[in-house]
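Ligands are counted one by one from 1 in listed order, and the atoms in each one are counted from 1 as well. Just so it is clear, the values below take in all heavy atoms, side chains as well, and ignore hydrogens, waters and symmetry mates.
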Amino acid sequence: MGYQKIKVPADGTKIVIADGKPSIPGNPIIPYIEGDGIGRDITLAMKKTVDAAVAKSYGGKRKIVWMEIYAGEKANELYGSYLPDETIEALRDFVIAIKGPLTTPIGKGFRSLNVSIRQILDLYACVRPVRYFKGTPSPLVKPELLDIVLFRENTEDVYAGIEWESGSDDAKEVINFINQKFDFNIREESGIGIKPMSEFASRRLMRKGIEYALANNRKSVTIVHKGNIMKFTEGAFNNWCKKEAAENFRDVIVLEEELNQLYGGKLPEGKVLVNDRIADSMFQQLLLRPDEYDVLVTPNLNGDYLSDSAAAMVGGLGMAPGSNIGDYLAVFEATHGTAPKYANMDKVNPGSLILSSVLMLRYMGWGEAADLIEKGIDATILKKTVTYDLARQIENAKEVKTSEFADEICGNM
Ligand code: NAP
């Protein structure tokens, strides 16, 4: 492979797609992007934790061979570009990767590096599990009842990037066209954004959500939408998701209306309930009846709000993992930003990136190592040995550095 700056390690093997899924060797090469700001600290902590869990789980039989690739400020120094072509090439070639947070370069031609990576590689599902770790400070009375996996559409909606600035010639042209052609009365000085949502993108996301529910013994898939107001985008999203469920999963799903009609209100063993909720009501439901929800399938903007809100219920962004998954390619990432004021201070919580590595290990089928890391995190938090963000909310906690938190997790595996 002819990369300019990326050094492909000689002692690892490339993950390839075989029989429609990633085939994982014992020594897979996993590319990682360190990230800006706090990225370096949390990436070091994540790699150390993963290496310890893999070594402990599999002796010497399995090992991740890390390969650094570049994006963000480090890439700009090396290549003069925030998102070099060969980084995208490597993400495509090596199938599974993990990344730290990236600064959004202001006025440098990128809306956001993260959004660019998702769109270029068509990583259409943003998958974010949110569950409680005992001992984590939470504003909920019973945070342990929340255990959801959110599938957020990643390529469409108002994030598609179709926008015109207020007062620009393009905005005026679009406004004139809409006002004249469709007899609307949009104010002339308005900024304009377009919200495209398609059957193709909605259905493939729903397919991923249902497949996940079936594979992980989850009981329901809830479509979250604002279809009562935006009928032909969000309303259509709901209809298309239900169509996907009915056409391709008929034997294994039960629609909400069928639950009472056909099954006396009790979900039959082995089936997945498919229902839908209006987005604003969903925020209430998660607070009031979190245990009734399992897998959520949402359009892009709803999912963005809902995943951060859900994360706050179980301890905040420091503990919220994320992943962006396409048909095969997957990039796992911390959900928070670069928190520049804490850069290189060995201070912040590496939990989000470490939990993202747990998702990655499960995606690879290395569940034993994933379980060990979760066990280590559970025990570390229960012992109240935590980074500043959790320490300031837990009585009598011992505050530790990023690297020490990782050491504690390794010691508690
Ligand atoms: P941020 O970096 O997420 O930081 C906001 C606050 O969240 C921090 O000041 C800190 O709170 C807390 N926080 C974040 N990460 C933490 C961690 N690991 N442990 C403990 N606390 C943590 O958000 P921002 O300041 O709005 O954004 C900074 C840059 O990051 C921007 O350039 C933005 O575009 C980028 N960004 C990147 C991503 C990504 O790469 N996925 C996502 C979001 C934002 P306290 O101040 O209370 O301690």
Side-chain angles (χ1 to χ4, degrees), residues 32-46 49 69-76 82-83 87 91 97-121 123 126-128 133 136-137 139 150 152 154 159 161 300-301 303-305 307-309 311-312 314-325 330-357 359 377 380-381 385-394 397 399-406 409:
Y32 69 95
I33 296 169
E34 195 175 78
D36 298 324
I38 55 173
R40 186 180 140 74
D41 287 344
I42 62 174
T43 298
L44 275 173
M46 179 278 295
T49 311
I69 62 172
Y70 308 92
E73 282 156 13
K74 206 165 175 180
N76 194 39
Y82 285 87
L83 188 55
T87 296
L91 289 170
I98 187 161
K99 64 173 274 293
L102 295 170
T103 309
T104 300
I106 295 169
K108 298 270 181 5
F110 286 102
R111 179 166 296 265
S112 143
L113 297 177
N114 298 301
V115 174
S116 300
I117 290 173
R118 291 169 192 162
Q119 289 182 345
I120 295 168
L121 296 171
L123 303 173
C126 177
V127 185
R128 291 188 181 177
F133 284 87
T136 314
L150 221 134
R152 164 189 166 197
N154 238 350
Y159 284 68
N300 208 336
L301 183 62
D304 198 1
Y305 294 154
S307 53
D308 276 21
S309 158
V314 293
L317 286 181
M319 295 294 289
S323 56
N324 298 292
I325 300 183
V331 177
F332 297 82
E333 67 172 355
T335 50
H336 53 72
T338 58
K341 66 181 174 186
Y342 298 126
N344 300 317
M345 287 170 63
D346 197 16
K347 181 175 175 76
V348 296
N349 188 346
S352 170
L353 194 62
I354 292 177
L355 286 168
S356 301
S357 75
L359 299 183
I377 293 177
T380 305
I381 292 176
T385 321
V386 288
T387 45
Y388 85 97
D389 53 316
L390 300 180
R392 68 187 169 189
Q393 301 176 71
I394 302 174
E399 182 179 327
V400 293
K401 295 170 186 288
T402 311
S403 54
E404 292 168 341
F405 188 62
I409 295 172

With a 3.5 Å cut-off and no angle check, do the side chains of [X] and [Y] form a donor-acceptor pair?
X	Y	value
D304	Y159	yes
N154	N324	yes
T103	D36	yes

Counting heavy atoms only, which part of [X] comes closer than 4.0 Å to ligand 1: side chain, backbone, both or neither?
X	value
K347	neither
T338	both
K99	side chain
N114	side chain

Donor-acceptor contact below 3.5 Å, side chain S116 vs main chain S112
yes

dist L390:CG -> F133:CZ (nearest 0.5 Å) comes out at 11.5 Å

Residue T104 vicinity, atoms of ligand 1 by number, heavy atom under 4.0 Å
32 (O), 34 (O)

Numbered atoms and elements of ligand 1 in range of D389, under 4.0 angstrom, heavy atoms
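Every atom of ligand 1 under 4.0 Å from some heavy atom of D389: 20 (C).
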
Ignoring hydrogens, just give me the one of K341, E333, H336 whose non-hydrogen atom is nearest atom 16 (C) of ligand 1.
H336

Determine, considering heavy atoms only, which of G322, G351, G337, G39 sits nearest to atom 44 (C) of ligand 1.
G337

Are any of the N/O atoms in [X] less than 3.5 Å from those in ligand 1?
X	value
P350	no
I38	no
R392	yes
T103	no

Applying salt bridge (charged side-chain N to carboxylate O under 4.0 Å, His left out), can you list everything that pairs with E399, at least two apart in sequence or on another chain?
K347

List for me each residue that meets salt bridge (charged side-chain N to carboxylate O under 4.0 Å, His left out) alongside D346, sequence neighbours excluded, and say none if there are none.
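Listed in chain order: nothing, the list is empty.
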
Taking all non-hydrogen atoms of both residues, which atom of F332 and which atom of S323 are closest, and how far apart?
CD2-CB, 3.3 Å

